[in-house]
Participant: 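The structure under discussion is supplied below as structure tokens; questions concerning it will follow.
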Amino acid sequence: MTALQTIVARNVDPVESAVLSITRFHAGTSADNIIPQTAIIGGTVRTLDEEVRRLMDKRFKDLVAAMASGMGVEVEIDYEWGYPVVVNHAEQTAFAAKVARDVVGPDQVKTDMPPRLGGVDFAYMLQARPGAFVFMGIGDGAGVHHPEYDFNDDVIPHGISYWAKLVETAMPVG
């Protein structure tokens with residue numbers, strides 16, 4: 001697992017973004033005196049660039065195969081490409097930001113957010129159709145994938161107003 005971290009450290013240009021996280025490791029039983037015959041390792045790879053994504057795939061497979069060969073073990077790699085990077089479209093992003101400013105005021109809308117390495121299925125929609133993925137602030141606290149996350153119900157009216165205004169502005173009646 002430590003060797004896998006060298007892919008990001010040694011193969012990805014330092015000005016590019018990539019993350020390789022090992023998130024699970026299952027091997028053996030509860031008995032301490034039995035050497036496991038199999039192990040399952042899982043995780044995720046995140047990048048902001050398709051070329052870096054392909055590099056991570058290749059280096060991961062090459063490194064795992066080389067380590068397995070060196071240790072005299074067999075390995076089966078099931079490397080699945082998950083969500084692509086979310087890429088907002090400029091026109092739709094500007095429109096969404098304008099509507100948000102109309103609803104909550106210009107001081108409450110940030111458009112200079114740095115890229116994030118999260119995985120979300122809306123990325124597929126943005127590959128098929130122009131659009132914008134927006135975050136609605138819910139205040140300080142744990143993020144949505146954290147066990148202590150607690151949705152702030154006080155932001156519901158703002159969210160409803162935003163979506164209603166977005167539709168009214170994009171598709172005016174009459």
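FYI, side chains are in, hydrogens and waters are out, and symmetry mates aren't considered; it's all heavy atoms of this structure.
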Participant: Are Tyr83 and Tyr79 connected, step by step, through hydrophobic side chains (Ile, Leu, Val, Met, Phe, Trp, Tyr) whose heavy atoms are closer than 4.5 Å?
Facilitator: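 No, no single cluster joins them.
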
Participant: Given the rule that I, L, V, M, F, W and Y join up when any side-chain heavy atoms are under 4.5 Å apart, are Met136 and Phe122 in one cluster?
Facilitator: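 No; Phe122 is not reachable from Met136 via cluster members.
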
Participant: Could you check whether any side-chain heavy atom of Tyr162 comes within less than 4.5 Å of a side-chain heavy atom of Val134, counting everything from C-beta outward?
Facilitator: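 Answer yes - side chains close enough.
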
Participant: Where do Glu168 and Trp163 land on the side chain to side chain contact (heavy atoms under 4.5 Å, CB included) test, with the steps shown first?
Facilitator: CA-CA 9 Å; Glu168 290 169 356; Trp163 290 111; over 6 Å; no

Participant: Looking at Phe135, I'd like to know if the NZ or CZ of Arg116 sits under 6.0 Å from its six-membered ring centre while staying within 45 degrees of the ring's axis.
Facilitator: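 Yes, Arg116 lies over the aromatic ring of Phe135.
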
Participant: Please report the closest heavy-atom contact between Glu80 and Asp78, naming both atoms and the distance.
Facilitator: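 Scanning both residues, the minimum pair turns out to be OE2-OD2, 3.3 Å.
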
Participant: Any chance CE of Met125 has more than 12 other-residue heavy atoms, nucleotides or ligands included, within less than 6.0 Å?
Facilitator: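 No, because the 6.0 Å sphere around CE of Met125 holds 12 heavy atoms or fewer from other groups.
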
Participant: Check whether any side-chain N or O of Ser69 sits under 3.5 Å from a backbone N or O of Ala65 as a donor-acceptor pair, and report yes or no.
Facilitator: no

Participant: What's the shortest heavy-atom distance between Ala123 and Val86, and which atoms?
Facilitator: CB-CG2, 3.8 Å

Participant: What heavy-atom pair brings Arg46 and Gly119 nearest, and what distance separates the two atoms?
Facilitator: NH1-N, 3.1 Å

Participant: Using atom types as modelled and distance alone, determine if a side-chain donor or acceptor of His89 lies under 3.5 Å from a backbone N or O of Glu91.
Facilitator: no

Participant: What I'd like to find out is whether the side chain of Val167 reaches to under 4.5 Å of the side chain of Lys165, using heavy atoms alone.
Facilitator: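 Result no, sub-4.5 Å side-chain heavy-atom pair not found.
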
Participant: When rounded to the nearest 0.5 angstrom, what distance separates OG in Ser21 from CD in Gln5?
Facilitator: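 Rounded to the nearest 0.5 Å, the OG-CD separation comes to 7.0 Å.
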
Participant: Can you give me the closest heavy-atom contact between Val155 and Gly137, atom names plus distance?
Facilitator: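 Shortest heavy-atom separation between Val155 and Gly137 comes out as CG1-O, 3.7 Å.
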
Participant: Would the distance check show the side chain of Arg101 and the main-chain N or O of Pro106 forming a donor-acceptor pair, the cut-off being under 3.5 Å?
Facilitator: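 Flag not set: sc Arg101 to bb Pro106 has no pair under 3.5 Å.
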
Participant: Nearest 0.5 Å, what's the CE-CG distance between Met171 and Leu166?
Facilitator: 10.5 Å

Participant: Among the clusters formed by ILVMFWY side chains lying less than 4.5 Å apart, do Ile22 and Val19 turn up in the same one?
Facilitator: no

Participant: Mind listing the closest non-hydrogen atom pair of Asn88 and Phe133 along with its distance?
Facilitator: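 Shortest heavy-atom contact: OD1-N, 2.7 Å.
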
Participant: Can you confirm whether Arg24 sits close enough to Ile40 that some side-chain heavy atom of one is under 4.5 Å from a side-chain heavy atom of the other?
Facilitator: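 Yes, their side chains come closer than 4.5 Å.
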
Participant: Decide side chain to side chain contact (heavy atoms under 4.5 Å, CB included) for Ser17 and Thr47; before the verdict, give the C-alpha distance in whole Å, the side-chain angles of both, and the deciding distance to 0.1 Å.
Facilitator: CA-CA 6 Å; Ser17 294; Thr47 71; over 6 Å; no

Participant: Hey, quick one: are Tyr124 and Trp81 part of the same hydrophobic cluster, counting side-chain heavy atoms closer than 4.5 Å, chains of contacts allowed?
Facilitator: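 As far as the 4.5 Å side-chain criterion goes, Trp81 and Tyr124 are not connected within one cluster.
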
Participant: Of the non-hydrogen atoms in Ala68 and Val75, which two are nearest, and what is the gap between them?
Facilitator: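 Minimum heavy-atom contact is CB-CG1, 3.6 Å.
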
Participant: Between Lys58 and Asp62, is there a side-chain N and carboxylate O pair less than 4.0 Å apart?
Facilitator: yes

Participant: Membership question, hydrophobic clusters at under 4.5 Å side-chain separation (ILVMFWY): are Phe151 and Val144 in the same one?
Facilitator: yes

Participant: Any salt bridge between Arg53 and Glu50, counting N to O under 4.0 Å?
Facilitator: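 Yes.
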
Participant: Measure the spacing between CD1 of Ile77 and CG of Leu63 and express it to the nearest 0.5 Å.
Facilitator: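 If we round to the nearest 0.5 Å, Ile77:CD1 and Leu63:CG are 9.0 Å apart.
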
Participant: Just do the side chain to side chain contact (heavy atoms under 4.5 Å, CB included) check on Leu20 and Ile7 with the steps written out, would you?
Facilitator: CA-CA 8 Å; Leu20 188 153; Ile7 298 170; 4.1 Å; yes

Participant: Atom CD1 in Ile41, atom NE2 in His26: separation rounded to 0.5 Å?
Facilitator: 10.5 Å

Participant: Set out, in order, the CA-CA distance, both residues' side-chain angles and the distance that settles side chain to side chain contact (heavy atoms under 4.5 Å, CB included) for Leu55 and Val12, then state yes or no.
Facilitator: CA-CA 8 Å; Leu55 171 72; Val12 176; 4.2 Å; yes

Participant: Hey, what do you get for OG1 (Thr93) to CE (Met113), rounding to the nearest 0.5 Å?
Facilitator: 13.0 Å

Participant: Just verifying a value: how many Å separate Gln37 CD and Thr29 OG1, rounded to the nearest 0.5 Å?
Facilitator: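 So the gap between those two atoms works out to 11.0 Å.
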
Participant: I'd like to know if the side chain of Thr6 and the backbone of Ala3 have a donor-acceptor N/O pair within less than 3.5 Å.
Facilitator: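 Between the backbone of Ala3 and the side chain of Thr6 there is a qualifying donor-acceptor contact (under 3.5 Å).
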
